[in-house]
Every structure is written in structure tokens, then in C-alpha cells.
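The chains referred to below are lettered A, B, ... by the order of the sequence lines, with proteins before strands, and numbering in each begins at 1. Because the structure is a prediction, the values reported are computed rather than measured.
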Amino acid sequence: MAGMLLSNAERFYIWDGVEENFRSDGRSNKDYRPMELETDVVSSASGSARLRLANTDVLVCVKTEIDTPKSDKPGLGSIEFFVDCSANATPEFEGRGGEQLANRISNLLQRAYHSSQAFNLKQLCIFEGKQCWKLYVDILILECGGNLCDAVSLAVKAALFNTRIPFVKAALMDGGNIDLQLSDDPFDSKRLEVGTAPLLVTLCRMDEENIVDPTAEEETCIAVSIVVGVSGNPALYTSSEDTTPSDHKCTTISMSGNGGILPDAMKIVIAEGITAAKCLDEALGRTLLQERNRTNLQKKDSYGFLK
Amino acid sequence: MPGPELLSSQGLRLDGRRPDELRRIRCKLGVFTQPDGSAYLEQGNTKVLAAVYGPHQAAKSKLSTEGVVVNCQYSMATFSTSERKNRPRGDRKSQEMSLHLRQALSAAIKTELYPRSQIDIYVEVLQADGGAYCASVNAATLALIDAGVPLKAYACACTSSVAWRGNHPEALLDVGHVEEAAGGVCLTVAALPSVDSIALLEMSHRLHMDYFEVVMSRAMQGCKDIEIILDKAVREHLAEGWTKPDVITI
């Protein structure tokens, strides 16, 4: 995060802490900060989630729209990511100030979700060649406390998990046009299969050590950071037994920062990223299923921002 | 005089409120740690977040020796409305709203205390269900209080409209989206109720001057009611004190 001014002494303190595997907030190099997640927070969207990772705060909403599929991919729907850096996070984002960061994150997500093994776009097809669903995933960044990519990808997956798509009741063929009738009942809808959706893990290289989940202060001391997108395991996101578990696969890798990294170290970084993503995926799947079971039993008390 | 059926024969509105009732207001101060002040406010289904940065040194282009420069940005999340918006800000409506926010909040802030400085007020509308501007003013007031900016009085905003019961006009307080879309009069008032002054008044559509007084006084009453709610929230927040655990920082 820009705008954070650290003195040399503070930098050395962070560097030395990483070397000792004991960071300034008491975590080891492989620990995440505590997270809070709530789904279904915005009623005007088909699915939504709010994730707070220490003081990084993101709100993700999914909206659906009917679209015509591309002629070269008649059986596929589409998914689009839009990131908005709210000026609430920092005054630098005022006006168009946050656009660069926003584009970086949305491109990263687009690339991570591009693979059919990461997100199956076939489930968004309504009528092959004629109509499909288009998902708009709108990400609002409300506070930046470091490690934005990880927080955003977790919240996106949670929001997609929460998304309901209405069933099509009837389709009338009128010449070449199709007139769809959608079900009005909000419960007469299907859930998306999001088990394989990728998570992004940011690993930061400091001297010889790799750290996960950097705070805003730590981010200013980093020469190079690597974002690894890793697809999820669908067996973690369903309570039924018959889903075939799949391996965690790397769907995107991206590097930023003005430093370099040795090829051997890169291999370690990627392997560590996959391990971290596995843990995150397990935790996220468990939490989301827990919340869904709770809401099935009784109406959920919504906390939103009032907690 | 025909109009949309905004009032039932029992005198209840479309969402079941009485004409002089506000929607439920829930709010919280200090939702974020990085801004100097922040607040979240829900007015029915309209949900707004406000953050305040400053007072800090003013940008060269904006600097004023008279008093503090109040810089406002109103932005609506792309998912806030039922139809998806393409741009969160920069469109004409948001720009107009930013100006109106500035007008209302400059009236409330003791601007003369901070010459050559600037206060940034950012408002993010998460869900818009009518009266987004009013919720924004109310949330911004709370955020300013959370930031410790000296105010002359609470700035509260409220809308009111008019419905017909027989031939008798009945003013409706705190207009929701459905009532707004029905196309009636919509009077928006931002006021400083405790010093009894109006900071901003705007009206859309046409209204006979004979009825203006009724609608106006209803909106002013709404502002007074909101002030009581905001004041209660501020007192509760301060009573909680600083004992609440904050996010750990180094």
C-alpha cells in the first residue's frame, strides 16, 4: 500500500522478525491473520459476501444477466470481474486513482478463472447458441490492510457459492427469438458449482524466506511478491459424498515488485502457494457449509457492518 | 386529484408505514480503522458507508485561507441498484450528489477553524432503496463526529412526498424507492435541526404552493427525528469508550 511511510528501523524490525520466523504481530511466516466472512449481505444481488481479513475489507456481489453466447463458444456462459477501489480505503483512490490496482486484480481473477478446470462455464448455459447467463462479479474494496488478492479471491468464491440462479420455467420459440420465462420464487433456483473455483495466494519473498498474508507494513518492505492461483477441491464444498475430489492445480502465476527470484526458489514458492491454497480452501469450504446449514435451519441474523 | 395510490384506505403506505414514520435507522460509528472517522448507516434497505480523512494539509489547487476545504465524493457501488450500474462514480448524478453533500456538510462544519486545510469525505452507497442522498448526509455526519471534526450542529437530511387521501393532502416522510418511482413530488431537505436552519433544499416535480408548508414541515420533523436517533447512536458509541478491542497494529 502506498502512503505508508516506514523508517529504516521499522523495516529492519520487520526483516529481522521474518528471519526469526516470528513476525511483528506474533505470527509465524506461514500464518494467516484471522478472517471474518459473512455471505448474503446485500439483498439487491444474487449472491454476496463480505470478508474482513484483519483490516482488509472487501465486499463482493454477484449479479446475473441474460446474454447471448459468443459464436465460437455456443455452450458457454461468461463471467466478468469488476474491481472498484473505494476512496473509503485511502484518499489516493479518489476519482480514478484506484484504477490501476483495480485493473491488476480484475485481470488476475479473469486469468485464474479462465481455465475450464477452474470454473465450469457450461453450467451457465441456458439454450445452446442462443442464451446464457452472464455473471458480473463486482468487488468493492473498502479498506486495504495488506494482502488484497487473497482476500478478494476468498470473498469471490464465497459470493459465487452464495449465488442463486433462477430456473427457467418455459421458453417460447418465436421465429429465431427465444422468450424466456424465469421463476419468480427466490427459492426455486439453482446453486452454482464453485468447488473448483481458484483461490489466489500471495507469497512474498524476503531474503531467503517466503511469507504469506503480508500486512500493509510488510508489503512496503518486500522486493518481490508472487501470486499463485490454485483451483479448489469440489469435495470440500458439498455435503454429499459422491463428488469426486480433484487435485489442486495451478491456474495462474503472476509476479510483481521490482526484485527478482531464482528459478529454484520459484519452485519452492509455487509449492508453498499450493499448500497454502489447500489449507485456505479447506477452511473456506468448511465455513461456507456450516453457514449454509445454519441458514437452512432458521433465518439468519444478518450482521453486515453493524457488528 | 388523481395520483398513484400511495396511501391505503386505512392510511398506511405501500410498505406498511404511517405517513409520519421513518424507516428503521440502524447505524454504527467507527467501522474502519484506517480512516480518521467512519460510519455505517442503514435506513430501511438503503445502506451507506462513509469515511472521513483529515483535516490535513490542502492540495495546492484547492487551498483556501478562509477556512477548511470540504472535499466530498459520492459513489454508488455497481451492485447497489436492481439494474447493474456500469460505473460507480463520475456520472452526472454522482457528481451532483457530491456537490450537494458538500453544500450540506460545509454548513455543519466549523470551517473557520482550519484555514489552509482540507477534509475528505467519501461516501459509498452499498444498496440504494430511495433516499440515498439523505442516508449519505446522515452517515457523513456520524463519520465526521467519529473523526472529531467540530460541528455547529448535526446535519440531518430527510425526504418527504405528498399523497392524496380523498381531497386531503397527506405528507409522506422518508420516501422509499417504490414511492419515489411512482413519480410524485420529492422534497429533499438537509437541515441543522438544533439551530433550526436549512442547509440544502431540493424539490423535484410540481407541487402547489398551498401544500408546500405541509410537506416542508413534515420533512423538517423527519430531520428532527433523525437527529435524536443519531445523537443516541453517538452517545452509545462514546459510552462504549475505547475498551473495545481494536485491530492489532504494530
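- Counting heavy atoms from C-beta outward, B:Tyr122 and A:Glu94 have side chains that approach closer than 4.5 Å.
- Of the inter-residue distances, the one linking B:Phe32 atom CZ with A:Cys144 atom SG reads 10.5 Å to the nearest 0.5 angstrom.
- Contact annotation for residues 85-100 of chain B against chain A (heavy-atom separation below 4.5 Å, listed by residue number): B:Asn86, B:Pro88, B:Arg89.
- For residues 50-74 of chain B, the interface with chain A (any heavy-atom pair closer than 4.5 Å) comprises B:Ala50, B:Ala51, B:Tyr53, B:Asn71, B:Gln73, sorted by residue number.
- Annotation: A:Arg11, atom CZ; neighbour count of heavy atoms from other residues, nucleotides and ligands within 6.0 Å is above 12.
- Residues satisfying the ring-ring contact (aromatic ring centres under 6.0 Å, His included) criterion with A:Tyr113, sequence neighbours excluded, are A:Phe81, A:Phe119.
- Expressed to the nearest 0.5 Å, how far OG of B:Ser75 lies from CG of A:Leu140 amounts to 7.0 Å.
- Of the residues considered (B:Leu49, B:Asp120, B:Asn45), B:Leu49 shows the highest number of contacts with chain A, using heavy-atom pairs under 4.5 Å.
- Within a 6.0 Å sphere centred on NZ of B:Lys232, other residues, nucleotides and ligands contribute 12 heavy atoms or fewer.
- Within the 3.5 Å criterion, the main-chain N or O of A:Thr90 finds no donor-acceptor partner in the side chain of B:Gln34.
- In terms of heavy-atom pairs under 4.5 Å with chain B, the best-connected choice from A:Ser86, A:Gly95, A:Pro91 is A:Pro91.
- Using a 4.5 Å heavy-atom threshold, the side chains of A:Tyr136 and B:Thr78 count as separate.
- Within the 4.5 Å cutoff, side-chain heavy atoms of A:Leu306 are placed close to those of B:Tyr40.
- Looking at residues two or more places apart in sequence or on another chain, you find a side-chain contact (heavy atoms from CB on, under 4.5 Å) between A:Arg164 and A:Phe187, A:Ser189, A:Arg191.
- In the displayed structure, A:Glu20 atom CD is contacted under 6.0 Å by at most 12 heavy atoms of other residues, nucleotides or ligands.
- Taking CD1 of B:Ile121 as the start and CG of A:Asn88 as the end, the distance is 11.5 Å to the nearest 0.5 Å.
- Around CZ of A:Arg23, the count of heavy atoms belonging to other residues, nucleotides or ligands within 6.0 Å exceeds 12.
- Here the closest heavy-atom approach between residue A:Leu142 and residue B:Glu124 is recorded as CD2-CG, 4.4 Å.
- For A:Asp138, the parts sitting under 4.5 Å from any heavy atom of chain B are the backbone and the side chain alike.
- Distance check, rounded to the nearest 0.5 Å: CZ of B:Arg84 to NZ of A:Lys134 gives 8.5 Å.
- In terms of heavy-atom proximity, A:Ser44 sits nearest to B:Ser80 at OG-O, 3.7 Å.
- Between chain B and the residues A:Ser48, A:Ser43, A:Ala45, the most heavy-atom pairs under 4.5 angstrom are made by A:Ser43.
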